[in-house]
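Letters A, B, ... are given to chains in the order of the sequence lines, protein chains preceding strands, and every chain is numbered from 1. In what follows, every heavy atom counts, from backbone to side chain, and hydrogens, waters and symmetry copies are set aside.
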Amino acid sequence: MAHRRVKNIDYDDDEVDDYDQEEYGQEGEGEELSPEDQEQMRQGTIKVREALGSDYQASDKVIQDALWNYYYDVGKSVSYIKNAVKPATPKKAKAKVETRFDKAASSAEDSAYGSPACIYHESDSSYQLAPRISFPFPIPPANQRDTATTRDFFYDVPWLHVPHQRLGHLSLVPQIPKGGLLGGSGKSSKLAALAAARRKKEEDKKTTSPSVENQSPDRAISLLDRLGKKDALPIRGSDSPSKTAPPEGRKISLRPKPAPVEAKEPSPSIEEQEEASPVESYPIANIKADPSTFAEAMLGLSRGDFSPSPQQSRNTNRRSSIKVHDFSISNAFSGPSPDDVVLTAQAKVSKNSESPAPSNPVSRQPSPPRKNRNINVLEEYERSDQKNAASFVVIGHVDHGKSTLMGRLLYDLKVVDQRSIDKLRREADNIGKSSFALAWVMDETSEERARGVTVDFATNYFETNKTRFTILDAPGHQDFIPNMIAGASQADFAVLVIDASTNSFESGLRGQTKEHALLVRSMGVQQLIIVINKMDNVCWSQQRFDEISQQMSNFLTSAGFQSKNITFVPCAGLTGENVVTPIKQETAPWYHGSCLVEVLDSMNASQRAISSPLRLTISDVFRGGTNNALSLTGRIDSGSLQAGEQIIVMPSGERASIRSLEADNNPAEWAVAGQIVTLHITDMDPVHLRTGDIVCSASSPIQNLTSFTAKILAFEHVMPMFLDVHRGPLHVPGKVTKLLGTLDKATGEVVKKKPRVVPPGAAARVEIEMEAPVPLEKGVRVVLRAEGQTVAAGLVE
Amino acid sequence: MRLIKNNIIQRDGSGSVTLCPEVPEDMWHAYNLIRPTDILRANTIRRVVTKQSATGTTSSERMHVTLTIRVKSTDFDTSAGQLHISGIVASENQHVGLGQHHTLDLELHRNFTLEKADGWDSIAIEILKESVKTGNTAQLWAVVMQEGLANICQITEHQTIHRQAVTVAIPHKRSGTSDYEKAVTKFHSTLLSTLLRHIELPSTPSPSNPPPPLLIASPAFYAANFLKYIKETATSTNNKVLLSYCSTILTAHASSGHMSALAAALASPALRSKITDAKYARETALMDRFYELIRKDDQTAWYGPKEVERAVEKGGVGRGGGVLLISDSLFRSQDVRTRKRWVSLVDRVRDVEGGEVRVLSSLHESGKRLEALGGIAAILTFPIPDLDEDDEDDAAEDGGQGERDLLQPLGNVERGVEQLEL
């Protein structure tokens, strides 16, 4: 985190500099009024004066400023000037009574505005917020929004050699340390310097302007008054008077950043200061210092508004955070009373003098780095009375009803509400696929819905009284087997869905029913629930059920499943019989077993390697919402992890730290093997993360290999050949370089050295070479595929 | 290549040829043709150092000279189509003395003269014939893709050149965000711009000289989606050239987005009709047949140097269906004896046994598949069981050694290719 912050600061600094220059160019041009502009200005002034009538005292300067800001819109200017000038009368009396106040206020104005050049040009500490604090009633400048009028106030003050008496209390606080949130580092920023230069020009112009005289006292009071009057405050917006109006025909820079800076431009006083100060303070941000009240106030406002996308680089952080910053200011001014603002300012300054470098609000945006609490996860895990967590993959041939069955399950368990189902039904009806409505609970992309086929595995959660389940709904189509492998690699057990309809079962057995079963077996899944689906199509015939069960158990036992680990459940996914509610006796009097959910509940979670080093296979990398720039999900294959922990991602070998994590869709502090977790990580560039990468503990990272020896079980003929090596969601092209020998399946002894070809069903030891390094270690299961067929499954040796 | 002069004497295979490479593909032929110990004469640039004064100062000058070298090694850059041949100067001239080293870069449209030290053998003659054939410029661009991964390659008569891989990380579907769709669009646009950079479509549609057709192969509907994206882009940007190119784009099914899936895609029926007489299509079909026979396990298909040699000895690769598949990389062996071994084997099958011989390009997918099998395989006319049986005994010493030697050059070539592709 700290590391990140420092980076941020550097970057920001550059950004600001760039920005300044750009802005300067623009403004510099903007200062010179073109002849057309002058003419327009002249006419506009006359019109406004007419419109205002004699009730309002407004100098040409004010009018011109207003016109300038409103792009020569007479109507808007008039209303603005009315707002600005009108309240003068009643307030006058008050001001007269409070003479001291008045005096202070005006001198504050003087000091603030009368010496802008000092403020921005000189690098001494003359410009601090502090002077204002020392005033008895320091209200006005702190809240100053409108500057066009203030400006006139100090028309007669030379901009460098300010008369000594006018500096007032400024001399009181020369001891205030340099630097800090508002005062900046004492060195004026480029931004400030540019603003000052601009001011100077304006000043020069003003001295030539004839009618700027005599306004100052009234104006000061009117300003005071307006501070209390919220409505009169110009609200930031495209036509806000507080915005520098570029000359007509010129566009405001399109860059997203300018907003705040532009906004403050006409304001010579506190606005400028506040805007400039964060900029100033970046380089000196002291990470350890407490945040100032100001920063906290701003943070409070801006937290949660901040949503950088993971792809965007850090300057995006900067950008959006400026926006937030800016937003909080405008809020602050529209909200609290002037007194509050003053108090804030006071607090700010006092903080400032205590801690020279308050933390920078921008870098505070993401919540501070999580300290590794060094939880003993193992103990914690044993103590916790968590429900069992289990994940299962739903497999089977395409169109055998996997997604629909899961949709039905979630619907009947009230995980998906009636409303969403109704919505899906309508949508499905609209494209004439009403039977797909339940499947659409799982199939969410437009592609999947339009084609009526699951493409990628979908994850969903539900809970029974005993266990929290994660569903991994795998695609059945042959082309998406890599996705199915990715899903199955996260599962504890599998649910094999078989269509009981005539011919469907048979074609499935030749197709993916067989392949999927072999795949999950070779990926280490021991327990299997066979759901004989669409029983309603065969009238719940016991004969059909028995026939399928018979064939399947023959096949599965030959594939290496133990018959005690296979459970057969008849059901109908579309209509929902025997899914959550047990089937009625009259429909299937022959069936006495439990319904699908009960069977699911009875599965025992397999033993997990909690105490081994951490291994987590990333199944997805994404932007996890507004607060998390980079998140990843995956199943913890072994070991445990906790928030704040350092991790290494292989094969890139990049380090990152876990900011927070979610286990089984709920926020958690730690997680152990077997759980599917979402990690929100920091300090890493997303380019280093790919689906299929392995997250390891920093202490014992996994090694990258380009070639390995594996014990394989062949499903097809294996000879030296090109194939794809799948390791969970990861797959790389590779080739079998050598057949070292065929093995006896039972004993593992070499039967024949250097075989010419490994026939289907045989075990062998082979050497495999891959085109890219892959994180592998002993005992990792791989699947070898070629030309769209699963050739073999292997165990890395 | 153009044959400028042919001085080969049929009787003993001595003599020289003068050739002029015209297209980049010819460099590949030259690479297969030019072997170590050959005498090569070509125009080149050499820095000639001349001693000038008594103080020993030297000056150097780059000058065009025609040099004759005895080849020591060759180096072929697949993706750039460049051939560098280094050797020792074999005939001196006024600038370069005998025995000095020089590396010739063969260039297009510059003649070179080649003389074989130990005569032109049948394979060399065949390559020569193949290379001077005109009009066989069948060419194809192919994109093998899946979601988030695509390989762009160029397929010519004799080579498959892997041009570039495009990968974009695509997140999983997730309700409530459009990240997935965004990533897919980004993938498509990256892929299309990369592809167009390689294909270099002309600025205006030219019916007389159409760009080579494009094949998009993928599992499921990804190819169709990409084609749709190309069409949409062409329409929305009003790109007439691209729009007219769309009609030449074919889609096919491939098992994955990796290069190894290309072979299967090329064998697809949709493509067969278009490129049926191209060499690579024939080779792919042949390799498929070989694998088929292996799967049947009826002992009529064998691979590996020793097994095939034995099969030939026993007359298995003869008339009536015997096919010897051999990778051209075997003939590029640095070792003259090894090369002779394969040349004589080929000669025997062709001339004595009457079988068919197919020399597969090691730069095609089919050739690579064959290389994985050791570079040589045979389809027999009758089953011969247990050709590898007695291998067991001498596997450790003799057989294993021979095999390793044999595979060595293959390994080199392959590593070279891999590096170039990177």
Using the side-chain contact (heavy atoms from CB on, under 4.5 Å) criterion, which residues pair with A/V416? Sequence neighbours excluded.
A/L410, A/S420, A/I421, A/V441

Contact part of B/A261 toward chain A, heavy-atom cut-off under 4.5 Å: side chain, backbone, both or neither?
neither

A/R785 versus chain B, heavy atoms under 4.5 Å apart: side chain, backbone, both or neither?
neither

Could you measure the distance from the OG atom of B/S255 to the CG atom of A/L723? Nearest 0.5 Å is fine.
11.0 Å

Residue list, salt bridge (charged side-chain N to carboxylate O under 4.0 Å, His left out) with A/E427, at least two apart or on another chain
A/K423, A/R449

Measure A/F457 against the heavy atoms of chain B and call it side chain, backbone, both or neither at under 4.5 Å.
both

If you tally heavy-atom pairs under 4.5 Å against chain B, which of A/D724, A/L689, A/T737 wins?
A/D724

Taking every non-hydrogen pair under 4.5 Å, which of A/M719, A/Q789, A/M721 racks up the most with chain B?
A/M719

A/K735 and B/E371: CA distance, side-chain angles, deciding distance, side chain to side chain contact (heavy atoms under 4.5 Å, CB included) verdict
CA-CA 11 Å; A/K735 65 177 177 187; B/E371 255 177 51; over 6 Å; no

Can you tell which part of A/L739 gets under 4.5 Å to a heavy atom of chain B, answering side chain, backbone, both or neither?
side chain

Chain B heavy atoms under 4.5 Å from A/V732: which part of the residue, side chain, backbone, both or neither?
backbone

Side chains of B/F221 and A/V455: closer than 4.5 Å at any heavy-atom pair?
yes

Is any side-chain heavy atom of B/H258 less than 4.5 Å from a side-chain heavy atom of A/F722?
no

Heavy-atom distance under 4.5 Å to chain B: side chain of A/H477, backbone, both or neither?
neither

Using non-hydrogen atoms only, which part of B/E147 is less than 4.5 Å away from chain A: side chain, backbone, both, or neither?
neither

Hey, what do you get for NE2 (B/H253) to CG (A/D479), rounding to the nearest 0.5 Å?
3.0 Å

